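Once you've had a glance at the structure underneath, I'll fire off some questions.
These numbers come from a predicted model, not from an experiment. Numbers here are sequence positions counted from 1.
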Amino acid sequence: MFFLTGHYKYNIPEYLNIAYIVDEVLKIVNEIKGGTVHPIYFLMGEEPYYIDKLTEYIENNILTEEEKGFNQSVLYGKDVTIEDVVSSARRYPMMADKQVVIVKEAQELVRTIDKLEKYAENPQPTTVLVFAYKYKTLDKRKKITKILNKAGVVFESKKLYENQVGDWIKRVLSGKKYTIEPKATAMLVEFLGNDLGRISKEIDKLTIILPKGSTITPKAIEENIGISKDYNVFELRKAIGERNQLKAYKIADHFSQNPKDNPLVMTTGLVFGFFSQLLQYHGLKDKTPANAAKVLKVNPYFMKDYDIALRNFPMRKVSAIVATLRDIDVKSKGVGANATPQADLLKEMLVKIFN
């Protein structure tokens with residue numbers, strides 16, 4: 001996969017994405033702190049979190065508060081044309097060395113973005129032009145991308161896979177002088193998915209409440225974020241893997257009473273993912289913990305849960321459960337089930353898993 005930054009191209013292995021993206025963000029920020037400011041910043045990609053963070057940093061740190069009044073403007077892609085953007089960028093600053101022009105929602109200009117080529121070939125040296133081009137990327141083969149890359153900084157913010165988010169959480173918390181227990185990380189990921197913006201807000205909440213140097217525990221997550229440490233999909237999967245029917249039905253009953261906090265589609269999806277990984281685990285020749293964790297893309301801390309489930313569910317049974325979960329998932333979406341209540345579908349899922 002390629003990330004384009006400044007005048008360089010990098011081939012980055014998938015497993016380095018998290019560290020690489022964070023390091024590239026820090027590189028851009030540190031350049032600006034050191035006085036190296038490029039005339040164009042094109043911030044693009046499926047993950048809006050870092051696009052927003054970099055845009056916010058540039059918005060707050062290039063100009064002084066006194067300079068911003070005359071020399072900083074924020075445009076919105078849905079309200080302007082490329083010609084409007086270029087016209088703003090070509091203006092000269094007033095009583096300042098630079099002006100900053102920020103184009104938010106720049107993805108709205110996707111159909112005419114090629115018109116930026118002429119300006120990018122000869123950008124105004126006293127202007128810092130920023131594009132927050134979210135949820136989309138430019139075609140790296142196109143002329144406009146190559147010109148922008150030569151003129152300034154093109155940064156791509158890739159969406160993290162859910163199995164990468166745990167490492168991201170640990171990295172962010174480490175930078176804030178906190179640590180987090182694996183189960184607490186799993187709770188955040190399973191509740192918030194790979195939405196870095198939402199996760200970041202919850203992390204900020206925790207770091208305000210808990211003293212620096214603390215270890216974030218499942219109890220802290222429950223008390224401060226509202227995710228139950230005992231009644232969540234992580235605990236349901238663990239109970240199923242242990243064949244602890246009483247605990248599994250107890251959690252399912254809690255889910256049925258709180259359907260908004262525990263949507264069936266998410267529950268079946270995560271249980272399906274667990275058994276899909278278990279099926280893959282059965283097929284591994286090398287079942288050493290390090291190799292299995294790498295192949296299954298799970299934290300090695302949780303491999304003991306997979307080992308228990310492996311013993312409790314033979315490969316043939318796992319295959320049957322995967323098929324059952326596909327059927328439950330279809331029913332949960334209202335297909336061919338006459339809107340079966342969530343409680344009944346959860347019970348049906350558990351009955352078929354444990355039988």
More than 12 heavy atoms from other groups under 6.0 Å of NZ on Lys347: no
Salt bridge (charged side-chain N to carboxylate O under 4.0 Å, His left out) evaluation trace for Glu202 with Lys205: CA-CA 5 Å; Glu202 300 300 345; Lys205 187 190 299 182; 3.1 Å; yes
Main-chain N/O of Ile32 paired with Thr36 side-chain donor or acceptor, under 3.5 Å: no
Any donor-acceptor N or O pair under 3.5 Å, side chains Ser256, Gln342: no
Donor-acceptor pair between Tyr178 and Thr207 side chains, under 3.5 angstrom: no
Ion pair check, Glu223 and Lys229, cut-off under 4.0 Å: no
Distance-minimising heavy-atom pair for Leu350 and Ala248: CD1-O, 3.7 Å
Flag, side chain of Gln99 to backbone of Arg91, donor-acceptor distance under 3.5 Å: yes
Close side-chain approach of Met187 to Pro218, heavy-atom, < 4.5 Å: yes
Short side-chain to backbone donor-acceptor contact, Thr112 and Lys115, under 3.5 Å: no
Test side-chain contact (heavy atoms from CB on, under 4.5 Å) applied to Leu296 and Met303, step by step: CA-CA 9 Å; Leu296 300 182; Met303 281 311 302; 4.1 Å; yes
Rounded distance [0.5 Å steps], CZ in Phe274 versus CG in Leu279: 12.0 Å
Audit row: Glu348, Lys352, salt bridge (charged side-chain N to carboxylate O under 4.0 Å, His left out) steps and yes/no: CA-CA 6 Å; Glu348 180 183 344; Lys352 290 183 175 178; 3.0 Å; yes
Which atom of Gly241 lies closest to which atom of Asn312, heavy atoms considered: O-ND2, 2.8 Å
Considering all heavy atoms, the nearest Ser276-Val322 contact: N-CG2, 4.3 Å
Flag for Ser73-Ser88: side-chain donor and acceptor within less than 3.5 Å: no
Flag, side chain of Thr127 to backbone of Ala89, donor-acceptor distance under 3.5 Å: yes
Main-chain N/O of Thr81 paired with Asp84 side-chain donor or acceptor, under 3.5 Å: yes
Test item: Glu24 and Glu156 side chains (from C-beta on) under 4.5 Å apart, heavy atoms: no
Within 6.0 angstrom of Lys304 NZ, more than 12 heavy atoms from elsewhere: yes
Salt bridge Asp305-Arg237, side-chain N to carboxylate O under 4.0 Å: no
Proximity of Trp168 and Tyr161 rings by center, below 6.0 Å: no
Asn355 (side chain) donor-acceptor with Val351 (main chain) under 3.5 angstrom: yes
Distance in Å, Arg198 CZ paired with Lys201 NZ, rounded so as to fall on 0.5 Å steps: 9.0 Å
Stepwise side-chain contact (heavy atoms from CB on, under 4.5 Å) check, Ile40 with Val153: CA-CA 6 Å; Ile40 299 177; Val153 172; over 6 Å; no
Flag, side chain of Lys98 to backbone of Pro125, donor-acceptor distance under 3.5 Å: yes
Atom pair OH (Tyr249) and CD (Gln245), whose distance is rounded to the nearest 0.5 Å: 6.0 Å
Salt-bridge criterion met for Arg171 and Asp23 (N-O under 4.0 Å): yes
Linked, directly or transitively: Ile51 and Tyr135 (ILVMFWY side chains, under 4.5 Å): no
Sole candidate of Val189, Leu188, Asp195 that passes side chain to side chain contact (heavy atoms under 4.5 Å, CB included) when paired with Leu192: Leu188
Test item: Asn291 side-chain N/O and Lys287 main-chain N/O as donor-acceptor pair under 3.5 Å: no
Between CZ on residue Phe191 and CD1 on residue Ile199, distance to nearest 0.5 Å: 11.5 Å
Pair Lys158 + Glu47: basic N to acidic O under 4.0 Å: no
Centroid-centroid distance, Phe42 to Tyr133, less than 6.0 Å: yes
Same cluster (ILVMFWY, side-chain, under 4.5 Å), Val233 and Met349: yes
From CD1 (Ile28) to CD1 (Ile58), nearest 0.5 Å: 7.5 Å
Ile308 reachable from Leu236 in the ILVMFWY side-chain graph, under 4.5 Å edges: no
Smallest separation among heavy atoms of Lys140 and Lys146, with atom names: O-CE, 4.0 Å
Backbone N/O of Glu105 and side chain of Glu108: donor-acceptor pair under 3.5 Å: no
Main-chain N/O of Asn258 paired to Asn262 side chain as donor or acceptor, under 3.5 Å: yes
Exceeds 12 heavy-atom contacts within 6.0 angstrom, atom CZ of Phe70: no
Option among Glu66, Glu65, Gln72 that satisfies the side-chain hydrogen bond (donor to acceptor under 3.5 Å, both in side chains) test with Lys68: Glu65
Rounded distance (nearest 0.5 Å) linking atom CD1 of Ile144 with atom CG of Asn149: 11.0 Å
Leu116 vs Val86 side-chain heavy atoms within contact, under 4.5 Å: yes
Closest approach of Val37 to Tyr41 (non-hydrogen atoms, all atoms of both residues): CA-OH, 3.6 Å
Asp52 and Lys134: CA distance, side-chain angles, deciding distance, salt bridge (charged side-chain N to carboxylate O under 4.0 Å, His left out) verdict: CA-CA 9 Å; Asp52 288 339; Lys134 297 194 282 191; 3.0 Å; yes
Carboxylate-amine/guanidinium contact Glu235 Lys247, below 4.0 Å: yes
Non-hydrogen atoms of Pro211 and Ser214 that approach each other most closely: O-OG, 2.5 Å
Whether Phe275 and Phe313 hold their rings parallel, tilted or perpendicular, with breakpoints at 30° and 60°: perpendicular
Any donor-acceptor N or O pair under 3.5 Å, side chains Asp286, Thr288: yes
CA sep, side-chain torsions, deciding dist, call: Lys219, Glu222, salt bridge (charged side-chain N to carboxylate O under 4.0 Å, His left out): CA-CA 5 Å; Lys219 185 178 180 182; Glu222 182 176 51; over 6 Å; no
Side-chain touch Val172/Lys176, heavy atoms, less than 4.5 angstrom: yes
Asp97, CG atom: more than 12 neighbouring heavy atoms under 6.0 Å: no
Sidechain N-carboxylate O distance under 4.0 Å for Lys170, Asp167: yes
Common cluster, Tyr92/Ile62, ILVMFWY with side-chain heavy-atom separation under 4.5 Å: no
Co-membership, hydrophobic cluster, residues Val265 and Phe234, 4.5 Å side-chain: no
